[in-house]
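The structure under discussion appears below in the form of structure tokens.
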Number of protein chains: 2
Amino acid sequence: MDAQQLKGHLDLLLLATLDTGPRYGGQIIADVQASTDGYFSMREGTLYPALHRLEKQGFIHGEFQTLPRGGSPVKVYTLTPTGKTELTAQREKYDRFTRAVRGVIGGPA
Amino acid sequence: MDAQQLKGHLDLLLLATLDTGPRYGGQIIADVQASTDGYFSMREGTLYPALHRLEKQGFIHGEFQTLPRGGSPVKVYTLTPTGKTELTAQREKYDRFTRAVRGVIGGPA
DNA sequence: CCGATGCCCCTCGCTTTACGATGCCCCTAT
DNA sequence: ATAGGGGCATCGTAAAGCGAGGGGCATCGG
């Protein structure tokens, strides 16, 4: 994977992932990796700052919880209503992006 | 347009644009902007360093020419055979990227 | 009982890269 | 001669993903 390729699209991926249900860090990384057949292998140094950004913007909400099977408390993130709105906006923005790229490189309109 | 959205995809756009014929800076900016209905409005500070990168990698070749209608000589860039190969590779990489994103955000596979 | 291991969360510094501003050059027009 | 415009180039800035490192808590093995 190319790191630069991900810039500007990470927030969309995170919001979309949390749209399918609350998760904590490790789960997000695993799920994204699974959903992309291993193409996106997000690192912790990428994920946590991004989550903090999104939380500061009010799009997601993090809360420490202790899992049933014990272990250290994990920080579970949930998509807020505002975040759901933002997700829709980001989907549209991504759509405009892909259309624009197709306009240049050709291929199915 | 979001600047970050373009990161990692600019080279593809430039190679694809030059694949349709040699051009100089101003033309590239105008053509990309036209092909994307104004979505990508590249700036000079973005374009020229990118062109230099691509030339240093041997993907394109720039040469000063004087246009028929006079004026200062312009630097016309041409896609090299190596660049054509690279364009194919970049198209595939972009395709993998979009497939991966769709895998996360859902939508038509 | 105690150290080792394994997750999980967080942060710092680095690198890459698009962008805005600025400047120079050459040519044309007034 | 002077002003203007198009084209090329560069410098400093900012954003963001990444790698490395560290701390906390729980479980496991000796």
Side-chain angles (χ1 to χ4, degrees), chain A residues 1-15 22-33 36 39-57 60-77 90 97 100-101 104, chain B residues 1-15 22-33 36 39-57 60-77 90 97 100-101 104:
Chain A
M1 186 199 36
D2 177 10
Q4 301 296 327
Q5 224 180 13
L6 190 56
K7 282 184 195 285
H9 305 283
L10 177 61
D11 292 3
L12 168 63
L13 298 183
L14 295 181
L15 294 176
R23 285 161 216 277
Y24 64 89
Q27 285 181 319
I28 296 174
I29 291 180
D31 284 7
V32 169
Q33 193 157 0
T36 63
Y39 189 74
F40 289 138
S41 54
M42 220 179 304
R43 301 297 169 186
E44 299 189 344
T46 299
L47 177 67
Y48 291 112
L51 289 176
H52 298 159
R53 276 201 303 271
L54 292 174
E55 185 168 28
K56 188 175 295 179
Q57 292 175 286
I60 64 178
H61 173 70
E63 201 164 320
F64 279 99
Q65 290 182 15
T66 303
L67 294 183
R69 63 141 177 276
S72 297
V74 297
K75 198 165 182 182
V76 176
Y77 284 94
Q90 294 248 359
F97 169 79
V101 173
V104 175
Chain B
M1 182 198 38
D2 177 10
Q4 301 296 326
Q5 222 179 15
L6 191 56
K7 282 184 193 288
H9 305 284
L10 177 62
D11 292 3
L12 167 64
L13 298 183
L14 296 181
L15 294 176
R23 287 164 215 279
Y24 64 89
Q27 285 181 320
I28 297 175
I29 291 180
D31 285 7
V32 168
Q33 193 156 0
T36 64
Y39 188 73
F40 289 138
S41 54
M42 220 178 305
R43 301 297 170 186
E44 299 189 344
T46 299
L47 177 68
Y48 291 113
L51 289 176
H52 298 337
R53 276 201 303 271
L54 292 175
E55 185 168 27
K56 188 175 296 180
Q57 293 175 286
I60 64 179
H61 173 69
E63 199 163 323
F64 278 99
Q65 291 181 15
T66 304
L67 294 184
R69 65 142 174 276
S72 298
V74 296
K75 197 165 181 182
V76 176
Y77 284 94
Q90 294 247 0
F97 169 79
V101 172
V104 175

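A, B, ... follow the sequence lines: proteins, then strands. Residue 1 opens every chain. Just so it is clear, the structure is predicted and the values come from calculations on it, not from any experiment.
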Which donor-acceptor pairs under 3.5 Å do side chains of residues 3-12 of chain B form with protein atoms, sequence neighbours excluded?
unit_1, atom_1, unit_2, atom_2, d
Gln5(B), OE1, Tyr39(B), OH, 2.8
Gln5(B), NE2, Lys93(A), O, 3.4
His9(B), NE2, Gln5(A), O, 3.4

Side chain to side chain contact (heavy atoms under 4.5 Å, CB included) filter on Gln33(B), not counting sequence neighbours, yields Ile29(B), Ser41(B)
With Glu63(A) via side chain to side chain donor-acceptor pair (under 3.5 Å) - residues at least two apart: His61(A)
Using the side-chain hydrogen bond (donor to acceptor under 3.5 Å, both in side chains) rule, collect all pairs that involve residues 45-55 of chain A, keeping only residues at least two apart or in two chains. none
Quick one: is His52(A) getting a side-chain N or O under 4.0 Å of the dT11(C) phosphate, OP1 or OP2? yes
Taking only the side-chain nitrogens and oxygens of Tyr48(B), find out if one of them lies under 4.0 Å from OP1 or OP2 of dA9(D). no
Listed in order of residue number, which residues of residues 23-31 of chain B have a non-hydrogen atom at under 4.0 Å from DNA chain D? Tyr24(B), Gly25(B), Gly26(B)
Of all residues at least two apart in sequence or in a different chain, which pass the side chain to side chain contact (heavy atoms under 4.5 Å, CB included) check with Val74(A)? Tyr24(A), Leu67(A), Val76(A)
Please pick, from dT16(C), dG24(D), dC9(C), the nucleotide with the shortest atom-to-atom distance to any side-chain atom of Phe64(A). dC9(C)
Side chain of Leu10(B) - closest among dA18(C), dG17(D), dC8(D): dA18(C)
What's Lys75(B) touching, base or sugar-phosphate or nothing? Going by heavy atoms closer than 4.0 Å. sugar-phosphate
Using nucleotides 18-21 of chain D, report all nitrogen or oxygen pairs with the protein that are shorter than 3.5 Å.
unit_1, atom_1, unit_2, atom_2, d
dC18(D), OP2, Thr46(A), OG1, 2.5
dC18(D), O5', Thr46(A), OG1, 3.3
dC18(D), N4, Gly45(A), O, 3.3
dG19(D), OP2, Arg43(A), NE, 3.3

